Protein chains: 2
Amino acid sequence: MAIASPQEIKRTRRGETSRAAILSAALDLFQERGYEATTMRAIAERAGASLGSSYHYFPSKEHLVLEFYRHTHELHLAAIAPMLAREKDLTSRLRGTVRAVVVTCEPFHAVAGSIFSTVANPSSPLNPFGGAAKPLREEVVALYAEVIKGSDARIPGDIAEMLPLTLWLYQMAILYFWIFDKSPGRLRTLEVIDETAELIVRLLTLANLPVLRGSRKRILGLIRSVVEH
Amino acid sequence: MAIASPQEIKRTRRGETSRAAILSAALDLFQERGYEATTMRAIAERAGASLGSSYHYFPSKEHLVLEFYRHTHELHLAAIAPMLAREKDLTSRLRGTVRAVVVTCEPFHAVAGSIFSTVANPSSPLNPFGGAAKPLREEVVALYAEVIKGSDARIPGDIAEMLPLTLWLYQMAILYFWIFDKSPGRLRTLEVIDETAELIVRLLTLANLPVLRGSRKRILGLIRSVVEH
DNA sequence: GCTTCAACTTGAACATGTTCAAATTAATAG
DNA sequence: CTATTAATTTGAACATGTTCAAGTTGAAGC
């Protein structure tokens, strides 16, 4: 409920071991049973710790999810590094990056629903628009900046400024769609990613048309005004 | 957690009184204290009922929120009826309708955050993409169909087909923005509504341009494929 | 080795959403 | 009016996230 106080816990070796055990148990159990079905008591038990000890390291169950996110983010980065190093075409880079998101998250599909709802809550420390999850969001936004920068596409400056954040939002939308996707192998999500990635790049090109200049300026102004707080 | 069984409770006069008292107490308390701070025990107490009785009429706390939604929807409909009867300009109709949403919801701004997160959860009966909240969503979509139909704008058939649902989604996005809006009188949300309403109608016009034909078809196909399940 | 103190651990206690079996009430049939 | 039955009401019991005061541990300084 309350935002986590940002004070770092100074980690001794003993503490670090406990913390790691608790986190690892939590990640396992979230995958096995889902977020809601995993109780803090079960986490503590599997970690060989006590209930209170878990709360010493993680202020709440939600904060364990935050680590869960960070974990998948690392996996995602590792998965796309070779592609980003090789590929120059923006559509391909975008498609590859977003495809990798859902592929990386696939083992957690069952958990994702309840997590997403937690994340959507503005008063949750996990809400990416503020609170504890903000740094992680910024890492993802930076990743999309890299996706753009490393491509051979020439994006006008005013668009380039807002694009990474917009693509992050796009990724969130894809993830929400993916949560509902019941098709075998989550194929429909992959199709939607392919289609939208192409469409986005196409619209970026069209944005230079004279008729669209006005709308383009307005849209960018809108995004800018929505983002600033 | 479980989806509500759709069996109607046959309401005798006695039952109806109790049900109404519980609902009314819940609506009051949600406004006074917010969703999370309102306990089922407090609702029962204020309603002069017992805890168990509340659960006899409402399968869960979330289902009380659903009624809360329905309540604000009625208020919204009443608020915009005169405007819709008079106004023919699509931009004005759209702006007026969405403005009325946030104005109607203003008394519940403090509650809205936690409610929104509950609603976003795919496994919640309140999730508008399925479950108990679907009928209400369809009412709102129908309202936007009316917003379009009653206007003097001539919308191409393929767009008109998908537009109401898209506008419902747009309304959801505005509401999410509104939740975070801390400006006095929620002025920023109103500004964003004005700007986006104009922009949407402008883009609808532009969609007829030959250069945009391809993208238009693709976007519509995308929406269609995303909506169908 | 002893003291000190912060880090760490513990489990009981609490609040609250939910379930349920039993009790109560009121309407209906005879 | 009485018996029956379904609707309604009740509150105890349960599960689980969270808090907290008290206990334990181990390293650093002497």
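All of these numbers come straight from a predicted model, not from anything done at the bench. In the text below, chain A, chain B and the rest are named by the order of the sequence lines, each starting its count at 1.
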Results of side chain to side chain contact (heavy atoms under 4.5 Å, CB included) for [X] - residues two or more places apart only:
X	value
Glu32(A)	Asp28(A), Leu29(A), Arg46(A)
Thr39(B)	Arg41(B), Ala42(B)
Glu67(A)	Arg19(A), Leu23(A), Phe58(A)
Ser183(A)	Asp181(A), Leu187(A), Arg188(A)

Decide whether Tyr144(B) and Thr97(B) meet the rule of one side-chain donor and one side-chain acceptor closer than 3.5 Å. no
Distance alone, cut at 3.5 Å: any donor-acceptor contact between the side chains of Ser53(B) and His56(B)?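 Short answer, no.
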If you fit an axis to the five pairs at each end of the helix from dG1(C)-dC30(D) to dG30(C)-dC1(D), how big is the angle between those two axes, to 10 degrees?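 End axes: 10° apart.
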Separation of atom [atom1] in [X] from atom [atom2] in [N], rounded to whole Å:
X	N	atom1	atom2	value
Phe30(B)	dG17(C)	CZ	C1'	12 Å
Glu16(B)	dT25(C)	CD	P	21 Å
Phe58(A)	dT9(C)	CZ	P	12 Å
Leu64(B)	dG17(C)	CG	P	11 Å

Collect all protein-nucleotide pairs involving nucleotides 9-16 of chain D in which both atoms are nitrogen or oxygen and the distance is under 3.5 Å.
unit_1  : atom_1 : unit_2   : atom_2 : d
dT9(D)  : OP1    : Ser18(B) : OG     : 2.6
dT9(D)  : OP2    : Ser18(B) : OG     : 3.3
dT9(D)  : OP2    : Ser53(B) : OG     : 3.2
dT9(D)  : OP2    : Tyr57(B) : OH     : 2.8
dT10(D) : OP2    : Ser50(B) : N      : 3.0
dT10(D) : OP2    : Ser50(B) : OG     : 3.3

Does NZ or CZ of Lys61(B) fall inside the cone over Tyr35(B)'s six-membered ring, less than 6.0 Å from its centre and within 45° of the axis? yes
Below 6.0 angstrom between ring centroids: does that apply to Phe129(A) and Trp168(A)? yes
